[in-house]
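Notes follow once the structure below has been shown.
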Amino acid sequence: MKKRFLSSVLALVMVIVLLAGCGGSKTTSWTVTCPWAPSGVAAMVSQKAASLSTEYSDSIILVADAIKGDAATVNTWVADTKAGDPELVFAGEGLFAITSILDPAKLQFTYDDFVFVENLYSSVFVMSADASLGIKSIDDLKAYLETVEEVSVATNGATGSEAFLAASLLGAMGYGNKLKLTPYSSAAEAAQAVVRGETNLAVSHQSQILESYQQNGVTIVCAFDESDITEGVFAGIEGVGKYGYPYFRNRCFVLARSGTEAKVVEELKALYDDILSDEEMKTWLVDTMMLEVDTMTEADVQAHIQNVQNIVNEYYDLVVQ
């Protein structure tokens, strides 16, 4: 009798275990494609976020992937994915607001092909100057521009975000006719061009000019943001927005394929929000990458894209000559 009772208990336990296994949540790996430099800022942040994904979700694992290609990579991604596929991709103002106006033939997609999940980070660009020029503020820049016939500005590519920020600043100040954009093949090269004296000015991410600034190789003129930088090495650097000049931040949108179930998108967004709220992640972004956590809504994204499009349309002639 005792053996029969024990056998019944064991059978019941096995049934419960099997039922629990059948009803348990399934873990899905989501590949996150970065269509830019594999060793660039976005790829590094994506890798860091992926490494923390298992700490905040039992059902989603983020797997970071980086493929150099920009628009071509996103075109392929759109062509190869469908609603519900466990695939995410990055895009930002470069594609949606700049390439869409300057070279729309490159884009075989529209924003409607995606559904917004979250903004991965926010980066404030800065303008640096050859240290020998002594330009440390907007007023200094105005005084310098009054004395020269031409000013060269190093940028990442001929028609990227940095080029339009340079054009919008000098154009809004009334010196657009003196601007000479000098494009380089990477953001790091552009940042170092001004250090070597190849150009008068440069526009770059803060992290790309930090070491040169600390070694007194350059001065920092301004930040392309609403107000002054308040934290870190560049605290006190003027924001162009307080003078009424145009600006935008560099942002990196995490996107799923359009038509993906709303519940799934909400789960992905919640996971990214948890990761971006992680103290280790926030500290790493600020201290190592000189980036900011900047979670956004769909309305925020649309406003950001529209702002950049307005700047591109207004200063198109200064960049595309």
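Everything quoted here is computed from the prediction, not taken from an experiment.
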Side-chain donor-acceptor pair present, D300, T297, cut-off under 3.5 Å
yes
Would you check if there is a donor-acceptor pair between the side chains of S132 and D130 at a distance under 3.5 Å?
yes
Checking side-chain polar atoms at under 3.5 Å, does E267 have a donor or acceptor matched by the opposite partner on S59?
yes
Quick one: sort the Y243 and Y245 rings into parallel, tilted or perpendicular, breaks at 30° and 60°.
parallel
Cluster overlap V194 with F224, hydrophobic side-chain contacts below 4.5 Å
no
Any side-chain heavy-atom pair of L169 and C222 under 4.5 Å:
yes
Check K263 with E266, please: is the shortest side-chain N to carboxylate O separation under 4.0 Å?
no
Are side-chain N/O atoms of N200 and S152 paired as donor and acceptor at under 3.5 Å?
yes
With sequence neighbours excluded, what pairs up with Y175 under the ring-ring contact (aromatic ring centres under 6.0 Å, His included) test?
none
Starting from the C-alpha separation in whole Å, work towards a yes-or-no answer on side chain to side chain contact (heavy atoms under 4.5 Å, CB included) for V74 and T76.
CA-CA 5 Å; V74 182; T76 301; over 6 Å; no
Of D274, D278, D273, the residue whose pairing with Y56 passes side-chain hydrogen bond (donor to acceptor under 3.5 Å, both in side chains):
D278
Tell me whether the rings of F114 and W77 are parallel (<30°), tilted (30 to 60°) or perpendicular (>60°).
parallel
Taking atom types as modelled, is there a side-chain donor on N313 or Q309 under 3.5 Å from an acceptor on the other?
no
Quick one: does NZ or CZ of K68 land under 6.0 Å from the six-membered ring centre of W36, within 45 degrees of the ring axis?
no
Taking the inter-plane angle between the rings of F96 and F109 on a 0 to 90° scale, is it parallel (under 30°), tilted (30 to 60°) or perpendicular (over 60°)?
perpendicular
Does this structure show an ion pair linking E118 with K269, if we count only N-O contacts that are shorter than 4.0 Å?
yes
If you measure only the distance, is there a donor-acceptor pair under 3.5 Å linking the side chains of N307 and Y247?
no
I need the I98 CD1 to E93 CD distance, nearest 0.5 Å.
6.5 Å
Contacts of type ring-ring contact (aromatic ring centres under 6.0 Å, His included), residue F234, not counting sequence neighbours
Y213
Let me know which of I135, L170, L179 forms a side-chain contact (heavy atoms from CB on, under 4.5 Å) with L145.
L170
With S123, which of R249, R251, E292, H205 fulfils side-chain contact (heavy atoms from CB on, under 4.5 Å)?
H205
With side chain to side chain contact (heavy atoms under 4.5 Å, CB included) as the criterion, how do L88 and V117 come out once you've worked through the C-alpha distance, each side chain's angles and the decisive distance to 0.1 Å?
CA-CA 9 Å; L88 299 170; V117 176; 4.2 Å; yes
E226: which residues meet the salt bridge (Lys or Arg N to Asp or Glu O under 4.0 Å) condition with it, sequence neighbours left out?
none
